[in-house]
Amino acid sequence: MQRNHNRGTAELRPFEITANYLKNPEGSVLMTLGATKVICSVSVEDSQPPFLRGTEKGWISAEYSMLPRATKERTRREATKGRQTGRTIEIQRLIGRALRAVVDLEKLGPRSLVADCDVIQADGGTRTASITGAFFALKLALARLVTNKVLPENPLKDDLAAISVGILPEIGPVLDLEASEDQQASVDMNIVMTGQGEFIELQGTGEEATFSGSQLNELLYLGTKGIEQLITAQRYQFDKLQHPYDTSDLSQNTVVIATRNAGKASEFKAMFASDGLQVKTLNDFPDLPEIEETGKTFEENARLKADTIARVLDLPVLADDSGLQVAALHGRPGIYSARYAGDHNDAANNAKLLYELTGVPKEKRNATFHTTLVFAKPNQPENDLVVDGEVNGYILGIPRGDNGFGYDPLFLVPELDKSLAELTADEKNKISHRGNALRNLEKVWRDWLK
Ligand SMILES: O=c1nc[nH]c2c1ncn2[C@H]1C[C@H](O)[C@@H](COP(=O)(O)OP(=O)(O)OP(=O)(O)O)O1
Ligand SMILES: [Mg+2]
């Protein structure tokens with residue numbers, strides 16, 4: 001068995017949070033997660049529920065419903081039946097509890113917020129998509145109350161998102177079940193979590209099946225990773241609404257590279273210049289938020305950088321994740337090359353490398369420089385273009401040369417008997433990991449971008 005679209009076990013479906021989707025509510029969102037679509041709106045009312053009257057405390061509640069044809073076959077409207085189903089009541093209570101967990105209700109003052117979650121298309125995960133979308137609508141509504149001076153201070157305490165996980169036959173634990181998977185799952189679970197990584201709710205059940213403690217841990221791990229991605233996207237989206245990024249001056253001939261590293265940037269500029277292409281980097285968009293490189297591989301980190309920035313700028317974006325793999329150090333520093341000794345402190349990183357290799361003879365100081373490039377289109381992570389490039393060499397005992405950046409002065413290219421820092425930019429690009437990766441990219445990117 002394989003997941004649709006070859007989706008990985010830890011991969012979310014493509015998702016999109018369209019803010020201010022409706023004109024009337026104080027906050028509104030169209031939340032899509034794969035084929036699941038939910039309209040979430042948050043309304044502010046100047047009244048309190050009976051049990052809070054006479055206090056200064058506010059309240060948040062939620063209502064959930066599904067359009068008749070959100071499902072494969074038409075489902076009768078609850079209004080026609082004259083009552084809500086148990087499932088609906090359970091879900092709307094869940095949404096309300098989740099939202100209340102991240103708001104200081106005292107600071108909200110004597111008013112009520114109502115989150116309406118209306119599923120217009122259901123393909124699994126409607127309750128978790130409702131929570132994630134309703135939270136964003138809530139964040140928009142509260143920001144508006146502060147802007148309009150209704151509230152002196154934002155009562156929001158943390159971010160929030162939710163996702164489903166489950167166990168599939170033959171595959172095992174997976175993130176984000178779509179409906180066809182949900183029917184086959186032996187275990188399914190909904191996880192609601194804050195930006196701080198604290199749980200608000202776990203609903204895990206076996207269906208004619210049981211699950212072990214270690215499977216539970218795996219499910220929690222997958223869910224946590226999915227929620228981190230959703231919350232990261234919410235934060236970028238929110239930032240983008242507060243400062244829209246001006247990309248109007250970018251021409252067709254511009255490549256945006258999701259890097260802040262000036263050394264990489266100048267290499268890319270030189271390599272793309274021969275194609276008549278201009279390069280912009282994150283330094284041209286100073287307000288863009290930092291991306292935490294939480295991946296476990298070069299590819300994961302490069303995807304994280306490319307996918308995130310492509311989504312924020314709504315443009316195709318290239319990212320580079322690279323590093324030095326030293327055989328005698330079992331491949332270290334690898335993906336941690338930038339944070340080996342100090343965060344982006346080249347001198348400290350080089351000094352630590354020399355120290356770690358103390359006493360290692362020349363012939364055992366072989367190393368590989370690796371680059372993974374990922375080219376991403378906005379919100380299509382499944383279409384990411386991934387290429388690699390490498391160069392083999394040796395780690396010198398004493399730095400040589402003043403060109404380049406990072407570990408260049410310590411990396412000897414045996415064929416040239418020079419360190420990377422003793423080469424001109426052109427010479428380095430001809431043989432470097434980044435140059436090789438870009439030559440691999442060159443063969444495929446134009447077709448991919450069409
Ligand atoms: O050609 C190179 N010559 C020397 N050193 C190099 C090279 N290529 C990467 N390196 C080092 C720099 C950094 O310590 C680490 C990459 O870390 P990596 O996260 O990919 O880049 P980064 O944080 O500097 O910039 P960004 O993530 O914004 O693209 O390996
Ligand atoms: Mg980095």
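Please read all numbers here as calculations on a predicted model, not as lab measurements. Both counts, for ligands and for their atoms, begin at 1 and track the order of listing.
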Apply side chain to side chain donor-acceptor pair (under 3.5 Å) to Asn403 and Glu422, showing your working.
CA-CA 6 Å; Asn403 302 332; Glu422 290 175 310; over 6 Å; no

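- No side-chain donor-acceptor contact under 3.5 Å links Asn436 and Glu390.
- The Mg ion (ligand 2) is closest to atom OE2 of Glu293 (considering only N, O or S atoms).
- Between the side chains of Asn253 and Gln278, not a single donor N or O lies within less than 3.5 Å of an accepting N or O.
- For the ring-ring contact (aromatic ring centres under 6.0 Å, His included) test, residues two or more places apart in sequence or in another chain that qualify with Phe411 are Phe369.
- Within 4.0 Å of ligand 1, protein heavy atoms belong to Thr259, Arg260, Asn261, Lys264, Glu293, Lys305, Asp320, Asp321, Ser322, Gly323, Ser337, Ala338, His344, Phe369, Phe405, Gly406, Tyr407, Asp408, Lys428, His433, Arg434, listed by chain and number.
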Taking only distance into account, with no hydrogens and no angle test, what donor-acceptor pairs under 3.5 Å do side-chain atoms of residues 159-167 form with protein atoms, sequence neighbours excluded?
| unit_1 | atom_1 | unit_2 | atom_2 | d |
| --- | --- | --- | --- | --- |
| Asp159 | OD1 | Lys139 | NZ | 2.9 |
| Asp159 | OD2 | Arg235 | NE | 2.7 |
| Asp159 | OD2 | Arg235 | NH2 | 3.2 |
| Ser164 | OG | Leu177 | N | 3.1 |

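- Listed by first and then second residue, the salt bridge (Lys or Arg N to Asp or Glu O under 4.0 Å) pairs that reach into residues 18-44 come to none, sequence neighbours excluded.
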